[in-house]
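Okay, structure first, notes after.
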Amino acid sequence: MSQTAAKAPGAPAPSGDANRWKALVFIALAQLMVVLDATIVNIALPSAQTDLGISDGNRQWVVTAYALAFGGLLLFGGRIADLWGRKRAFVIGLTGFAAASALGGAATSGAMMFGARALQGVFGAMLAPAALSLLAVMFTDAKERAKAFGIYGAIAGGGGAVGFILGGVLTEYLDWRWTFFVNIPFAIVAALGAYFVIREPEGGRNRNPLDIPGVLLSTLGLVSLVYGFTRAESDGWGDATTIGLFVAAAVLLIAFVVTEARVKAPLLPLRVVTDRNRGGIYLSLGIAIIAMFGTFLFLTYYLQAIKGFSPIQTGFAFLPMVAGMMIGSTQIGTRLMTRVPARLLMGPGFLVAALGMLLMTRLEIGSSYASTVLPAVLLLGLGMGTAFMPAMSLATLGVEPRDAGVASAMVNTSQQVGGAIGTALLNTIAASATTSYIKDHIATATSKSQQQLVQMQGAVHGYTNAIWFAVGMLVLAAVVVVTLVNAGKPEATPVASGEGSADEVAIPVVAH
């Protein structure tokens, strides 16, 4: 990991930008908007589909158009932030996201909706890396960095659950269009605040010419990979197009790595991902997100389809998980991050989350929310909050300032790919287990009510089978962390900062 020499003992610690805590408010608000959007639109989808006359076969594109644009362009968005400046990329991303949201809310056809969602993905891919990299370059004191990333990690982890509540309220009491329009005030406030408050440190830009082959190969490769998993969910793993997409993704991404190793100014310098700690962070986050998607997906189905919860009730049922994430991220993670190595927070954090997921494998039709679901989501939130907070910080710690944008983009990329894998893989496991259960038990059901009971039991059996897989993913994430991440606790005193040179911007030293 790249380091610069620490200040001599007794030298005053640089205080950093005086507005950095105000800036955090607007950065966090933008992050909340992006995370909310991921779940809030799902709640509104059935109503939007009916109003716009979108067919069942095409409705997936409301989600897929965003996922492809966002996942495919993240690395490019991170590089743009390094080239143009993070503040400028952040404000442009917010403005574009607001405009795309307005277009989605005003949509009069399916095609207009798909286009708006793709545009949201494009500007989201610029906004998300810029937000995280701004934190990375503005908060350089270890204790302050811990607090800032604690808040950011809690929002990144818990915002999706809040989206269920807001989506349910807006759809039920106003109109599905407000799930898009609600982004506009968020974006305006965050953009104005960022414009007037954020002062990006000098000397951290990467002014090298843009790596066009890298942009094309990475975008096409990531789009093929994400779309391959989307196709696998809807058309099966043996579908010829699905297999072709996976083959194309492998070829394109291998060509991307070869290209990045040879060009003078790569889109993604391989030093960013080959660092042992950052590589371990990216890999473990991607694996953990696979499990997280299992929770949101199957617990939502279980509460609504089996227990009869309304969308709003389902959203509130996730609130204890948000509370757990807030405690794990802002209390446990923030307080211990400067005292213990990151792996001693992340590894146990993933295992606590796995324990919560393990409780969910006991779900049955008659299971009580209070005795089964509540302790499960509390433990899951507590564990993920504790693990996410040091992960977000360590993923950008020690990276050269000129690479902060692409390093931040890799965090989002690992989560996006993990989410695509999780949705497709866990859905396949659940559907297969459900089909098998119903086939084995339907013959004994002699009445219509008994047949409905068998189908419900089959659905819950499918959920729990997929959740068992998610437990394994969280344990694997813990193993990856303990094996690869060997950074010690960050030193409390920040590194000396210089002006004018990108390599002299203050970066905390990591003790090994």
Donor-acceptor contacts, no H, no angles, side chain residues 280-292, under 3.5 Å, sequence neighbours left out:
{"from": "Y282", "atom 1": "OH", "to": "A407", "atom 2": "O", "distance (Å)": "3.1"}
{"from": "S284", "atom 1": "OG", "to": "G280", "atom 2": "O", "distance (Å)": "2.9"}
{"from": "S284", "atom 1": "OG", "to": "I281", "atom 2": "O", "distance (Å)": "3.1"}

Review item, side-chain donor-acceptor pairs of residues 213-226, under 3.5 Å, at least two apart:
{"from": "S218", "atom 1": "OG", "to": "G214", "atom 2": "O", "distance (Å)": "2.9"}
{"from": "S218", "atom 1": "OG", "to": "V215", "atom 2": "O", "distance (Å)": "3.2"}
{"from": "T219", "atom 1": "OG1", "to": "G72", "atom 2": "O", "distance (Å)": "3.4"}
{"from": "T219", "atom 1": "OG1", "to": "V215", "atom 2": "O", "distance (Å)": "2.7"}
{"from": "S224", "atom 1": "OG", "to": "L220", "atom 2": "O", "distance (Å)": "2.8"}

Give the table of side-chain donor-acceptor pairs shorter than 3.5 Å for residues 248-267, with sequence neighbours excluded, one pair per line with atom names and distance.
{"from": "T259", "atom 1": "OG1", "to": "A255", "atom 2": "O", "distance (Å)": "2.7"}
{"from": "E260", "atom 1": "OE1", "to": "L267", "atom 2": "N", "distance (Å)": "2.7"}
{"from": "E260", "atom 1": "OE1", "to": "L268", "atom 2": "N", "distance (Å)": "2.8"}

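To the nearest 0.5 Å, the span separating CD on Q31 from CG on L127 amounts to 8.0 Å. Distance CZ/R79 to CH2/W84: 11.5 Å, rounded to 0.5 Å. Rounded to the nearest 0.5 angstrom, L336 CG and L344 CG are separated by 10.0 Å. How far CE of M346 is from CE of M384: 9.5 Å, rounded to the nearest 0.5 Å. Interatomic distance, L119 CG to Y66 OH, rounded to the nearest 0.5 Å: 12.0 Å. To the nearest 0.5 Å, the span separating CG on L351 from CG on L355 amounts to 9.0 Å.
A donor-acceptor pair under 3.5 Å links the side-chain atoms of N277 to the main chain of N486, judged by distance alone. Of the possible donor and acceptor atoms, one in the side chain of R117 sits under 3.5 Å from a partner among the backbone N and O of V62.
Listed by chain and residue number, nothing satisfies the side chain to side chain donor-acceptor pair (under 3.5 Å) test with R276 (two or more places apart in sequence, or in another chain). A search for side-chain contact (heavy atoms from CB on, under 4.5 Å) contacts involving A466 returns F298, L426, I429, A430, not counting sequence neighbours. Residues that satisfy the side-chain contact (heavy atoms from CB on, under 4.5 Å) test with L192, not counting sequence neighbours, are I188, F196. With sequence neighbours excluded, the residues satisfying side chain to side chain donor-acceptor pair (under 3.5 Å) with N183 are D37, S101. In terms of the side-chain contact (heavy atoms from CB on, under 4.5 Å) criterion, residue partners of A433 (sequence neighbours excluded) are, by chain and number, H461, N465. With sequence neighbours left out, the ring-ring contact (aromatic ring centres under 6.0 Å, His included) criterion links F186 to no other residue. Scored by the ring-ring contact (aromatic ring centres under 6.0 Å, His included) test, F350 finds no partners at all (sequence neighbours excluded). With sequence neighbours excluded, the residues satisfying side-chain contact (heavy atoms from CB on, under 4.5 Å) with W237 are F229, A232, F246, A424, L425, T428.
Contact of the L358 side chain with the W468 side chain is registered, since non-hydrogen atoms from C-beta on lie closer than 4.5 Å. For the pair L382/I332, a side-chain contact is recorded, criterion being any heavy-atom separation below 4.5 Å from C-beta on.
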- Message: Between V273 and R278, does the side chain to side chain contact (heavy atoms under 4.5 Å, CB included) criterion hold? Intermediate values first, please.
- Response: CA-CA 6 Å; V273 290; R278 279 193 292 275; over 6 Å; no
- Would you check, one step at a time, whether the test side chain to side chain contact (heavy atoms under 4.5 Å, CB included) holds for Q120 with F180? CA-CA 10 Å; Q120 279 186 316; F180 285 89; 3.8 Å; yes
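Scanning both residues, L380 and M321, for their nearest heavy atoms gives CD2-SD, 3.6 Å. Closest non-hydrogen pair, A125 versus A69, comes out as CB-O, 4.3 Å. A81 approaches A89 most closely through the heavy-atom pair CA-CB, 3.8 Å. Heavy atoms only, all atoms of each residue included: I27 and L134 are closest at CD1-CB, 3.8 Å.
Sorted by first and then second residue, the salt bridge (charged side-chain N to carboxylate O under 4.0 Å, His left out) pairs with a member in residues 236-259 read R231-D239; sequence neighbours excluded.
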